[in-house]
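Read the numbers this way: they start at 1 and go in the same order the structure lists the ligands and their atoms.
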Amino acid sequence: MQISPSVLNADLADLAAEVRRIEAAADWIHLDVMDNHFVPNLTFGLPVVASLLSQVSIPADCHLMIADPDRWAPGFAEAGAGSVTFHVEAARKPRMVAKDIRAAGARAGVALKPGTPISQIEALIPSVDMILVMTVEPGFGGQAFMAEMLPKVQQARRLADAADVDIWVQVDGGVDLESIERCAAAGADVFVAGSAVYRAEDPAVMVELLRAAAENGARP
Ligand code: DX5
Ligand code: ZN
């Protein structure tokens with residue numbers, strides 16, 4: 001059970017300090033890269049990610065909500081991200097994108113928007129290390145969890161389990177103390193939480209509470 005807080009709703013003017021608040025408690029820092037093209041919002045790109053990585057020690061989980069990941073994704077791995085996730089809807093050659101990310105030294109993740117069926121990534125499975133099932137429409141933090149995505153989380157878990165390699169299943173969007181248990185029960189094992197963590201009085205304590213809730217949900 002891994003927790004990956006998203007800084008989307010943190011103080012972006014003080015990014016390194018915001019990351020340090022959860023660094024000891026969390027497994028990853030989730031960095032939402034948006035290009036105002038694939039999604040209707042704009043955050044930060046490679047220069048900001050690279051600069052941040054030089055100042056913090058927690059591994060980076062980059063979620064690229066951008067057009068043309070074929071061109072841009074490997075650069076995030078080269079900059080030192082531990083995991084780089086691209087959207088299957090945006091990639092021209094998804095298998096090549098995953099291969100290039102791995103060749104640059106990071107884990108490769110593939111993400112699906114809520115409207116994208118799991119069948120879109122079936123053929124990609126041997127090439128990826130993580131499946132990200134979006135539980136909101138990508139673009140903004142603070143949206144309501146889409147419970148209707150839980151069957152897709154189960155489908156992703158089944159695909160992952162059928163593979164010979166260890167593939168993680170990540171959920172992202174509206175994950176809080178209540179929804180995280182259901183996600184864990186459906187088979188997710190990496191949980192992104194933005195507003196739940198950064199709106200909490202003590203973000204590090206919230207990370208531990210989320211982890212405990214996920215472990216609770218995962219129990220048979
Ligand atoms: C949404 C982003 C998420 C977002 C999650 O497009 O991919 O990572 O920050 O925020 P919450 O947890 O507030 O839904
Ligand atoms: Zn995200």
Q) How are the rings of His87 and Phe38 set to each other: parallel, tilted or perpendicular (split at 30° and 60°)? A)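 Correct class here is tilted.
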
I need the nearest protein heavy-atom contact for [atom]: residue, atom name and distance, please.
atom	answer
atom 2 (C) of ligand 1	Asp32 OD1, 3.4 Å
atom 1 (C) of ligand 1	Phe140 O, 3.6 Å
atom 12 (O) of ligand 1	Gly194 N, 2.7 Å
atom 9 (O) of ligand 1	Ser6 OG, 2.8 Å

Q | Distance-minimising heavy-atom pair for Ala147 and Pro151 | A |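 Nearest heavy atoms, Ala147 then Pro151: O-CD, 4.1 Å.
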
Please check if the side chain of [X] supplies one atom and the backbone of [Y] the other of a donor-acceptor pair under 3.5 Å.
X	Y	answer
Thr43	Asp32	yes
Glu89	Lys113	yes
Gln143	Glu137	yes
Asp70	Arg92	yes
Arg211	Met1	yes
Glu23	Ser57	yes

Q) Closer than 4.0 angstrom: is that true for some heavy atom of Asn9 and an atom of ligand 1? A)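 Per 4.0 Å heavy-atom rule, Asn9 does not contact ligand 1.
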
I'd like to check whether [X] has a polar contact with ligand 1, where a contact means an N/O of the residue lying under 3.5 Å from an N/O of the ligand.
X	value
Gly173	no
Gly139	yes
Glu137	no

Residue [X] vicinity, atoms of ligand 1 by number, heavy atom under 4.0 Å:
X	value
Met65	6 (O), 7 (O)
Gly174	11 (P), 12 (O), 14 (O)
Pro138	6 (O)
Ser195	11 (P), 12 (O), 13 (O)
His30	8 (O)
Gly142	11 (P), 13 (O), 14 (O)
Leu8	4 (C), 9 (O)
Gly141	10 (O), 13 (O)

Q) Once you round to the nearest 0.5 Å, how far does CE of Met146 lie from OG of Ser179? A)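 Answer for the CE-OG pair, Met146 versus Ser179, is 13.0 Å.
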
[X] atom [atom1], over 12 foreign heavy atoms within 6.0 Å:
X	atom1	answer
Asp164	CG	no
Trp28	CH2	yes
Arg95	CZ	no

**Q.** Option of least heavy-atom distance to atom 7 (O) of ligand 1 (set: Leu31, Val192, Asp172)
**A.**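 The nearest heavy atom belongs to Asp172.
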
**Q.** Ion pair check, Asp202 and Arg21, cut-off under 4.0 Å
**A.**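 No.
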
Q: Using 2.8 Å as the cut-off, note every protein N, O or S atom close to the Zn ion (ligand 2).
A: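 Metal shell, protein only: His30 NE2, Asp32 OD1, His63 ND1, Asp172 OD2.
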
(Q) In this structure, would Val171 and Ile118 fall into the same cluster of hydrophobic residues linked by side-chain contacts under 4.5 Å? (A)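 Yes, same cluster.
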
